[in-house]
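Heads up, the thing below is written out as structure tokens.
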Amino acid sequence: MIDGQYLLRRIGYSGAAFFVCVTITFFILHLMPGDYITNYLLSLSNTLPKEAVEQFYQQYGLDRPLPEQYMIYILNILQGNWGYSYQYGLPVFPMIMEKLSWSLVILLPATVTGILIGTVLGAWSGWKSGGKKDLALFNIMIVFRAIPEFWWAIMAVWIFAFYLQWFPLGGFTSISVLTSGMDPWDVLYHAILPIGLMASFIAAGNYYVMRNSMIAVIGEDYITTARAKGLDERAVLWRHALKNALLPMATMTTFQIAGIIMGNVFIETVFSWPGIGLLTTEALSIRDLPLLEGIFLLDALMTIGAMLTADILASYLDPRIRMGGHD
Amino acid sequence: MNINPGEKKKLIIIGGFCLLAITALCVAAWGTGSAMTANKNVTGNPQLSVTEVIIPVSSPSSVTYSSSMQKGGVPPGIYQGLVIKDLNGTFDPALAESWEVSADAKTWTFHLAKDAFWNDGVPFTCSDVKFTNDYLKANNVTLAYVLHDVQSVDCPDDHTAVFTLKTSYSAFLDQISRQPGITISPRHIWQNITDPQHYEDTKFIGTGPFIFDQNTAGYTRVLKNDAYYGKKAQVSGVVLKVITNPDSQVLALKNGEIDVVSDISPAVAQSLKGEKNIALYSINDTGAYEVAFNLAQYPSNIPAFRKAMSHAVDRNTISSLFGTGRPTETTFLIPSLAGIYVNPADVGMYNYDLAEAKKILSDAGFTWDKRGNLLGPDGKAITLTIPTNTMAQTGGTDKILSVLKNDWGKLGISMSTVTYDDKKQYRKAVNANAVFIDSFPVTLHDDADALSNFAVTPLQETNYYNYNNPEYNALLDEIHDTTDQQEILKKAYQLQDILSRDIPTVPVCTSDTIVAYRSDRFTGWDLGPGYYSVTDPRVLTNLIPVR
């Protein structure tokens, strides 16, 4: 159960944590070596026109003291103004939202499917721990996870897209989008391979957690008691072991869902899926500060929100957990 | 099994949903896959004209455009400048049909194309040229720095533009046509836009051989401009497709999904040889490398050290490691691009000869200790830290370093490297160390004006090499002040003589760009040196559909 006053306090603390995150992000990004305009101009010419650099600093307020820039940034954030990208000259918020929406098309189903499969397999494996089937599955998962994600992705493209030609090589639509507009089925067709691959990886990660959690739970006294009461094995599994073993998964799941916001650079690169992961990498390499600030702002918001949700969810799932009210 | 009826019901529902979802995914994959296969034409591309060329781009940002006034770029072939530099180092007409320059190189008169129109039908006139100059400067647009030397633009009539410069500048055409250069923007559109930094263009009205069609879902399409006044494209359009993974680009080329892949490695090129319907060509000398000295740091401030080291660079071995390109035994300019501007007297002066290098060092007072370490004239061991830049072509830099470490080690020089991922930090490191290795675009080494990289001028207070020779600076000023080609050539030779004596840098080798294309789709990709981008409008207008 969660106490009302505690919940309010918790929301307040989350707000403060968000503010601290935003502040740290702002200063770290601004103190990072290198800047956009220098990199841009040096890529065009060996000689750096001072006038152009000074003009750029002036335009974007970068000639002002850092504390003043920070105050302006915070005021803008409070007014919902996330600024404009240096590189594109476009407003940051719609850019992030567009890329995020494309990331979600693959990451949301992959995460949900991966969590479900990983949880089910992990629970089953943990329940059968020590058996031949458990060991076989466990070793398969170890091999699967031991090989880097990008290698699997490249192999998947090579086999399923190039040789078998079951799926496209990449991108999120076929070229027919230019003549007949976007077709949701076409997007789905492009998304299946990256979703399948990502779901497998997420499933393998969740499998370990769930398996270990299940192994820990089946050694508990209440499981022995349940068996002593004469309940059959499946009833013990479903009514007692599974519910308790799922508790750590609830917290992990909320964080995995929050993690979606940062996208997946490997998958997005290999499958040419222009999501938030690629946008972040590019923004970082060219020092597009407004864009980076916007992405990290959203990430902080999602992570802190996920932590709050995990707290509330844990107290809801396990009545023994009481939050607040101890005073 | 002891499951209560409620739980059983839930399990059945969940299971049913999962099965349904999996079935839907499979049906979708099969159905769409079949549809895609059925719709594919001979090009392997569904529902697209067979005369549209498809080119991959490796970054989604490459097809994210804002406007012609912005740094983010615009789709290819839409906007034009006044002139365009050709592969012989001279200039082809673009929006200017012809031009002349005053004897003092301060007044440049451009005679503009009379039958040029903006894509929306508005005639192109001098007012657009004047507007572009005035607007960029009035609104502090970053690209305005390219026109820094321009005092004013006047329009005596609709088809004549007169640029008056602040000082003489014989290389003005190079300045406005070399990347980033200046493209002319339509006055009738931009005159009402008060915030160019944040304006998002959706129409991209230009004057070029292509017209913007659409930018959607990872694709950008431009179509042939039938009303174009110059050489019209023979392809009906160009589609840029985002494929971020280089390996996938090659697979897409093999599958026939795209028509060309640029900048492939020699190993990949080798694997593509013999592939049906795939042809390869190499664009020579698109990149170049140098072992450069910072004359403000010890021991590079000792002329004999620089001379000795110029004999200790094994260009042939380095070049062979690259797999493409060739050794460059000039003082600075790249022969294939700079042509007649390369002074033949200065070619091959610094042959690879470690014994000669040792002798020069010895004659200049350098000594060796018992362990063979090189000691400077002051008796201190010579150790070098060489900064490299990850944003440059690091692969090449690593190859040079591996050869230098071996050869310079034989001379008793201890070397270490520090890599920087930021250009500003790298620049600082270059300034703090005696030797650095750099790669450079060949457009900075293709004519007499490129020799200004070693100059110190009121605008350019220093250079990478901290090289400041008043005689050199004065000669370069004289080049800027004259438009007499013979005079420019003579002075360019003198400048190279000075460089061969002072040795601020040792050019090492060039590298090539290898391009693979579908020979069953289009021909005309290879235009020779100087055209190193497959999206260059001159390349695109040169393409001819095979069928």
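Throughout, a chain's letter reflects where its sequence line sits, starting with A, and its residues are numbered from 1. Everything numeric here is computed off the predicted structure, so don't read it as measured data.
- No more than 12 heavy atoms of other residues, nucleotides or ligands sit less than 6.0 Å from atom CD of Q58(A).
- You'll find the side chain of T244(B) reaches within 4.5 Å of the side chain of L278(A), heavy atoms only.
- When all heavy atoms are compared, the tightest approach of S248(B) to V270(A) is OG-O, 3.6 Å.
- The minimum heavy-atom distance between L251(B) and L169(A), with the atom names listed, is C-CD1, 3.8 Å.
- In this structure, the portion of F172(A) lying under 4.5 Å from any heavy atom of chain B is its side chain and not its backbone.
- Using a 4.5 Å heavy-atom cutoff, the side chains of I175(A) and E257(B) are not in contact.
- Across T173(A) and Y219(B), no two heavy atoms sit closer than the pair O-OH, 2.9 Å.
- Contact detail for R221(B) and L178(A): the closest heavy-atom pair is NH1-O, 3.8 Å.
- A pairwise comparison of heavy atoms in N245(B) and S272(A) identifies N-OG, 4.2 Å as the closest pair.
- Interface remark: D195(B) contributes no atoms to any contact with chain A (heavy atom separation under 4.5 Å).
- For the atom pair CD1 of I243(B) and CZ of F271(A), the computed distance is 13.5 Å after rounding to the nearest 0.5 Å.
- Interface residue A161(A): only backbone heavy atoms are found under 4.5 Å from chain B.
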